[in-house]
Student: 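Sharing a structure with you now.
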Amino acid sequence: MNNPPHDPPARSAQDTIPVGGSLRTLMAQDRMHARLVVVAGVFCVLFSAIGLKLTMATIISPMPPQQQQIAPQVPPIPKSDPKGMIAGDVALPQVHRASIIDRTGQVLAMSLPVAQVYANPQEMIDAADAAHKLKTALPTLNEQETKRRLSLNKQFVYLARDISPAQELAINNLGIPGIYFEPGERRRYPMGSVAAQILGGVDIDDHGVAGVERFFDKRLDSDRAPLRLSVDVRVQNVVHDELQSAMDTFQAIGACAIVMDVHTGEIITMVSLPDYDANDFGRAAPDARFNRAVTGMYEPGSTFKLQTVAMALQDGVAHIWDSFSSTPIKIGRFTISDMKSDHFAPWLSLPEVMAYSSNPAAAHIALDAGAARQQDWLRSMGFFSRVPIELSEAGRPIVPSVHNWGVSTTMTVAFGHGVAEPPLSIVRGTAATANGGFLLKPTLLAPDTAGQQADAPPAPDATDTPPGMPASAERLISAANSDILRRILRLDVAKGTGQKAESPGYYVGGKTGTAEKIGPHGGYLKHVNVSAFTGIFPMNAPRYAIYVMLDSPKPTAQTHGWTTAGWNAAPTASHMITRIAPMLGLFPDTQHAATIEASLAIPMRPAVPRGYRALGPGYDPGTAHLHEHEREVTGHAGHPHTARKATSTAQVPARDLHASNDVDRLAAPHPRDRG
């Protein structure tokens, strides 16, 4: 029996229509979904914009870093300057100490940006790994020591000093936590040993400790404009080469050379040998740092006879036609004489005294002037005080006590013995005899920077100072006497002891000088000399003074066994003048040689003007003074104390004073001739 199908049960309204709460939930979910879609869309737009901006900034059109971000480490890109128009503009914005340049704009000293690397060990994750990585950027780093320092229980340790910007960047790229940099600067001298003693050096904190670095320390730290010196590196290099060659040839233990403008006092060149690389100032030997031009004290020898003659002319003690005895002078147990190879006339005129360089004759001139006048002259010419120059190393001369300045001292000082002067003082005095009679203050500053020495006293008024000469110049010699001295100096080179200093077309004038060195125990050393030449060129229109000195030169076959200045210092000066004169704008004039020589000529034995009584045989006040002194000494011979005092004033050892006087017999060469 089939049962009829059953119909499904009917659904109530509650089963087909959701309750009110459930409907509201669904609607809220729909709204939330819509908001999430909108927010997601906004974020997509923002990220797309940022991505596009980054793509533009890093790939399509990269943006350069801002200047303030890289200024402490990276110097600005230099501008192209093919013509050298900004050669002297070497002030870097990231360093504070000013550069030093020569008169032409060549850089002598400059500060470069560097960094000091330090670390905080407490921030180190792995000291060994950090030390190993640092070694890759700094090859000279001691890895084991660095590892030890990075393991210390400290918050600050130095790892390296004075690293370059490239090394700083390499370390920074390593990404080592706890590594930091401290910006700094390091002084560098691009030309190495050029003008090393002039420049001096700085300490680890960049403070000057020697040379112009010390003298102008405040100026270099306060004013970033380059300090321009009067030195010309072209001339400096040539003079250095010639001086080194002479030093090697004659096996001298030291040497120096100076070139100075006779109208301004500017030092164009100052070389002292041996020298050193200015970048290694701290490791340089004391003898190399020693500046012989201003710190060294040497007996000037016969170069001082120029001052004796200048004093006699200016004070009216002697005239060019006066004659002076060349006979050896005995004073106590000492004898003042010329060398045995000298064959002078018994009496020499003033020009002959200089040309032949006679010691007794120079002593007689000083006796005529007297001790007081001699002291006043040397004091006024600056030989009693430190030479004024912008170098703290400039020393004070060694001169006898005024209280012990007796007759013997007066005579020995006349030919450059018993006193010790720096070479720059000799150059200064030589310039004054030829520039019209003006004593100048030497300077290492170029004209446009001469006012940078803020502490310098104001210059006195000088109404008769020629144009182009500094107002501080002081006239000590009349123009007429300066003209006579120029002629005498030219005579010495043309026909006297300085003939080997001649440079054709430049009409050199000057004076040789050879002094025996004092030994460690206070006596003069036989055949150990200081040979020097001081001169002016061109003598017809003086522009520059030159000085060359060789310390303890040895004889050679070319000098026929002599070590005197006429054979070594004089020819060295000639080589220098020939090479540097064109650099200084001077060119040889041989076309007008006859006219120029005639304008500089002076006879060896000038005629005595009518109405004048010349000093000479039978009329010599100095001889009378000497005889009076001898009678006083003889009269007190029975008093030992008085006798000892008389001999002590000589300031010389117990031996004959056969000081070299550089006579050069070029007209008749002989193996025993010397100059």
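As a basis for the values below, the full set of heavy atoms in this structure was taken, side chains included, without hydrogen atoms, waters or symmetry mates. We're numbering straight along the sequence, starting at 1. The shown structure was predicted, so the numbers you read here are calculated from the model rather than taken from an experiment.
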Student: Please examine the side chains of H207 and D221, heavy atoms only from C-beta on, and report whether any two atoms are closer than 4.5 Å.
Tutor: yes
Student: Heavy-atom distance under 4.5 Å between the side chains of H240 and L273, does that happen here?
Tutor: yes
Student: Measure the shortest side-chain to side-chain distance between D232 and D102 over non-hydrogen atoms and say whether it is less than 4.5 angstrom.
Tutor: yes
Student: For Q244 and D248, which I'm curious about, is there any donor-acceptor pair between the side chains at under 3.5 Å?
Tutor: yes
Student: Charged N to carboxylate O under 4.0 angstrom, R187 versus D203?
Tutor: no
Student: Would you call R97-D217 a salt bridge at under 4.0 Å N-O?
Tutor: yes
Student: Could you walk me through whether E266 and S230 satisfy the side chain to side chain donor-acceptor pair (under 3.5 Å) test, starting with their C-alpha distance in whole Å, then the side-chain angles of each, then the deciding distance to 0.1 Å, before giving a yes or no?
Tutor: CA-CA 6 Å; E266 297 169 52; S230 61; 5.3 Å; no
Student: Provide the closest heavy-atom pair for F537 versus Y506 in the form atom of the first, atom of the second, distance.
Tutor: CB-O, 4.0 Å
Student: Would a 4.5 Å heavy-atom cut-off, applied to side chains only, mark I171 and F181 as touching?
Tutor: yes
Student: Tell me whether S193 contacts the main-chain N or O of A196 through its side chain, where contact means a donor paired with an acceptor under 3.5 Å.
Tutor: no
Student: Is it true that a side-chain atom of K135 and a backbone atom of L141 form a donor plus acceptor pair closer than 3.5 Å?
Tutor: yes
Student: Looking at every non-hydrogen atom in both residues, tell me the closest pair between P470 and H263 and how far apart they are.
Tutor: CD-O, 3.3 Å
Student: Using the ring of each side chain (for Trp, its six-membered ring), is Y158 parallel, tilted or perpendicular to Y118, with breaks at 30° and 60°?
Tutor: perpendicular
Student: Please answer whether the main-chain N or O of D223 pairs with a side-chain N or O of R219 as donor and acceptor at a distance below 3.5 Å.
Tutor: yes
Student: Can you check whether L159's main-chain N or O pairs, donor with acceptor, with T146's side chain at less than 3.5 Å?
Tutor: no
Student: Within a radius of less than 6.0 Å around CZ of R396, do more than 12 heavy atoms belonging to other residues, nucleotides or ligands occur?
Tutor: no
Student: Check this for me, if you would: do R579 and E242 make a salt bridge, where the nitrogen-to-carboxylate-oxygen distance has to be below 4.0 angstrom?
Tutor: yes
Student: With a 4.5 Å limit on heavy-atom distance, are the side chains of N435 and I536 in contact?
Tutor: no
Student: Looking at every heavy atom in both F438 and P466, which two are closest together, and how far apart are they?
Tutor: CZ-CD, 3.5 Å
Student: Identify the two heavy atoms, one from E213 and one from G200, that lie closest to each other, and give their separation to 0.1 Å.
Tutor: CG-C, 4.5 Å
Student: Can you tell me if CG on L46 sees more than 12 non-hydrogen neighbours from other groups inside 6.0 Å?
Tutor: yes
Student: Looking only at side chains, do D206 and H96 share a donor and an acceptor under 3.5 Å apart?
Tutor: no
Student: For the CE atom on M32, are there more than 12 heavy atoms of other groups (residues, nucleotides or ligands in this structure) within a distance under 6.0 Å?
Tutor: yes
Student: Cation-pi between R289 and Y276: NZ/CZ under 6.0 Å from ring centre and within 45° of the ring axis?
Tutor: no
Student: Does atom CZ of R103 have more than 12 heavy-atom neighbours, drawn from other residues, nucleotides or ligands, at distances under 6.0 Å?
Tutor: yes
